[in-house]
Amino acid sequence: MAKMWAGRNAGETDRLADDFNSSIRFDHRFYRHDILGSMAHATMLAAKNIISQPEADTLIDGLQEILEELDSGKLVFNPASEDIHMFVEEELTARLGEVGKKLHTARSRNDQVALDMRLYLRDEIDEILGLVRDLVAAVLSQAKKEKTTILPGYTHLQRAQPITFAHHLLAYAFMFLRDLDRLQDTKNRMNFSPIGSCALAGTTFDTDRNLEAELLHFDGICENSIDGVSDRDFCVELLSALSILMMHLSRFSEEVILWSSWEFQFVELSDAYTTGSSIMPQKKNPDMAELCRGKTGRVYGDLMALLTTLKGLPLAYNKDMQEDKESVFDAVDTVKMCLGVFAPMIGGMKVCRENMKKAAQKGFINATDLADYLTKKGLPFRSAYKISGSLVAKCIAEGKVLEELSLSELKAFSELFEEDIYREIDLNTCVEKRISEGGTSLLSVEKQIKIVEEKLK
Ligand code: ARG
């Protein structure tokens with residue numbers, strides 16, 4: 001196929017080299033953004049009398065027609081085109097003749113591809129923001145039902161202190177709210193138009209970059225044309241934000257996997273989000289959570305690939321930068337898929353309150369409260385801690401829990417123990433008394449629920 005850029009290079013490119021060079025098999029996904037960008041470009045060219053208004057109208061009608069035919073499937077991408085930008089221009093010129101050749105005035109594929117990527121990612125970020133909001137809503141709906149469900153809180157995966165399940169779930173809600181902020185920040189910083197930077201140095205035509213930026217709903221323009229075509233920091237930022245989001249999703253997945261195991265039995269996932277085994281009839285596998293955990297590695301990989309691609313590049317455009325697309329597309333697709341299954345999986349998860357409670361009753365998770373009791377009666381905390389530890393050791397030796405020790409047994413360790421110790425180390429009291437801000441008491445948790453609800457609005 002004759003190249004649009006044939007001129008300096010008269011000879012044919014090798015077929016394998018052509019395939020190697022081509023990006024249409026993946027960049028065709030932003031045909032819509034490419035065409036909308038071209039429409040704005042034609043409008044600007046006419047506004048600045050660089051082409052005539054009738055010429056711009058012809059170009060825009062032609063572009064509209066191509067857009068509709070691509071949408072409907074009537075027109076298919078030509079795999080022999082070098083990329084989506086060339087494909088659209090070739091198609092337009094084939095339809096319009098000489099006028100079609102005017103579209104690329106005062107523009108380069110270097111600023112065009114930077115523009116397309118920003119337009120495309122703006123839309124994708126909006127979609128991801130919606131999916132993360134759905135996830136926070138699912139977490140919140142579960143939290144609201146589990147405000148008094150007590151389970152052991154863990155550190156080192158060892159039973160630590162009693163908490164409520166709502167409190168635990170809300171921890172994730174706050175993480176995902178920060179992910180929303182990060183994505184929104186990324187979008188805000190990305191929302192500046194590179195078009196008009198041209199190849200790198202700007203153009204001799206009297207263009208209006210701000211008009212073009214306005215038409216495409218940007219907040220402004222990239223003020224330096226070399227920066228406009230050279231940097232992909234907005235892609236790196238997005239991949240970082242997505243990696244952090246996936247890290248949160250992966251930790252949550254890990255817990256869902258543990259909780260739904262026979263050993264924990266804290267939750268039961270709905271059949272819609274589990275699978276069976278081909279050999280073991282008893283199995284109900286948390287595949288969705290495992291895949292979210294597994295796919296986190298892919299998204300980290302996408303981030304690393306892009307950072308590594310960019311690190312040694314001299315300014316301005318280099319073909320290496322074509323490699324940004326597959327990493328970014330893969331991360332975007334992966335994150336959307338994960339969020340799409342994770343939110344309803346959490347929303348429909350059955351909570352086994354009794355099992356959580358049973359787990360909370362063993363493991364001495366009220367040992368801190370026992371130490372706090374003595375401390376409030378005047379003993380220095382470190383001494384109280386020692387007594388509590390010795391009592392735990394005694395209990396382990398005798399196969400008991402703290403609540404089962406008699407007052408005289410307790411008094412043998414400290415005269416400060418009175419009858420009220422039993423209420424103090426009751427798990428409900430342990431939870432209810434943790435009234436510090438952000439803590440696990442009903443009051444604190446209800447406050448947190450309000451904050452999340454407010455942020456979701
Ligand atoms: N397909 C190219 C990319 O994705 C478009 C820009 C090509 N520019 C060039 N000077 N060859 O980066």
Are Arg251 and His248 close enough that a side-chain donor and a side-chain acceptor fall under 3.5 Å?
no
Polar side chain donor-acceptor pair, Ser441 to Ser444, under 3.5 angstrom:
yes
Do Asp83 and His28 meet the criterion of a side-chain donor-acceptor pair at a distance under 3.5 Å?
no
Given side chains that start at C-beta, do those of Lys447 and Leu443 come closer than 4.5 Å, heavy atoms only?
no
If we count only N and O atoms by modelled type, under 3.5 Å, do the side chains of Asp116 and Tyr31 hold a donor and an acceptor together?
no
Salt-bridge criterion met for Arg32 and Asp71 (N-O under 4.0 Å)
yes
Donor-acceptor contact below 3.5 Å, side chain Gln448 vs main chain Gly439
yes
So that I can tick it off, tell me whether Lys48 and Asp208 are bridged by a salt bridge, with the cut-off set at under 4.0 angstrom between side-chain N and carboxylate O.
no
How about Phe192 and Phe218: are their ring centroids closer than 6.0 Å?
no
Whether Asp126 and Lys187 form a salt bridge (side-chain N of Lys/Arg under 4.0 Å from carboxylate O of Asp/Glu) is what I want to check.
yes
Determine, for Lys74 against Glu68, whether the closest basic-nitrogen to carboxylate-oxygen distance falls under 4.0 angstrom.
no
Just by modelled atom types, is the Thr105 backbone N or O under 3.5 Å from a matching donor or acceptor in the His41 side chain?
yes
So, are Arg29 and Asp333 salt-bridged, with charged N and O less than 4.0 Å apart?
yes
Could you tell me if Asn285 and Thr274 have a donor-acceptor pair between their side chains, going purely by distance under 3.5 Å?
no
Ring centroid separation for Phe342 and Tyr273, is it under 6.0 angstrom?
no
So, Gln184 and Asn188: side-chain donor and acceptor under 3.5 Å apart, yes or no?
yes
Taking the six-membered ring for Trp and the single ring otherwise, decide whether the centroids of Tyr120 and Phe329 are under 6.0 Å apart.
yes
Looking only at side-chain N and O atoms, does Glu90 offer a donor or acceptor that is under 3.5 Å from a partner on Asn78?
no
Do Arg122 and Asn191 have side-chain N/O donor and acceptor atoms under 3.5 Å apart?
yes
Which atom pair, heavy atoms only, marks the closest approach of Ser81 to Ile24?
O-CG2, 3.4 Å
Is it the case that more than 12 heavy atoms not belonging to Lys145 sit under 6.0 Å from its NZ atom?
yes
Under 3.5 Å side-chain donor-acceptor pair for Asn210 and Glu214
no
Salt bridge flag under 4.0 Å for residues Lys101 and Glu98:
yes
Does the side chain of Phe205 come within less than 4.5 Å of Arg107's, by heavy atoms?
no
Between Asn318 and Pro314 (side chain of the first, backbone of the second, donor and acceptor by atom type, cut-off under 3.5 Å), is there such a pair?
yes
Going by an N to O cut-off under 4.0 Å, is there a salt bridge joining Glu354 and Lys358?
no
For the residue pair Phe165 and His168, categorise the inter-ring angle as parallel (less than 30°), tilted (30 to 60°) or perpendicular (more than 60°).
parallel
Is the NZ atom of Lys357 crowded by more than 12 outside heavy atoms at less than 6.0 Å?
no
Pairwise side-chain contact, Met356 with Ile150, heavy-atom cut-off 4.5 Å (strictly under)
no
Flag the pair Asp271 and Lys284 as a salt bridge only when some basic side-chain nitrogen lies within less than 4.0 angstrom of an acidic carboxylate oxygen.
yes
Glu146 bridged to Arg353 by N-O distance under 4.0 Å:
yes
Between Asp27 (side chain) and Ile84 (backbone), is there a donor-acceptor pair under 3.5 Å?
yes
Angle between ring planes, Phe252 versus Tyr172, binned at 30° and 60°: parallel, tilted or perpendicular?
parallel
Closer than 4.0 angstrom, basic N to acidic O: yes or no for Asp179 and Arg182?
yes
Just one of Gln322, Lys325, Lys319 clears the side-chain hydrogen bond (donor to acceptor under 3.5 Å, both in side chains) bar with Ser23, so which one?
Gln322
Is Asn110 reaching over with its side chain to a backbone N or O of Tyr317, donor-acceptor style, under 3.5 angstrom?
no
So among Ser108, Ser197, Pro194, Cys198, which one has a side chain to side chain contact (heavy atoms under 4.5 Å, CB included) with Val229?
Ser197
For Met349, is there any backbone N or O sitting under 3.5 Å from a side-chain donor or acceptor partner on Gln142?
yes
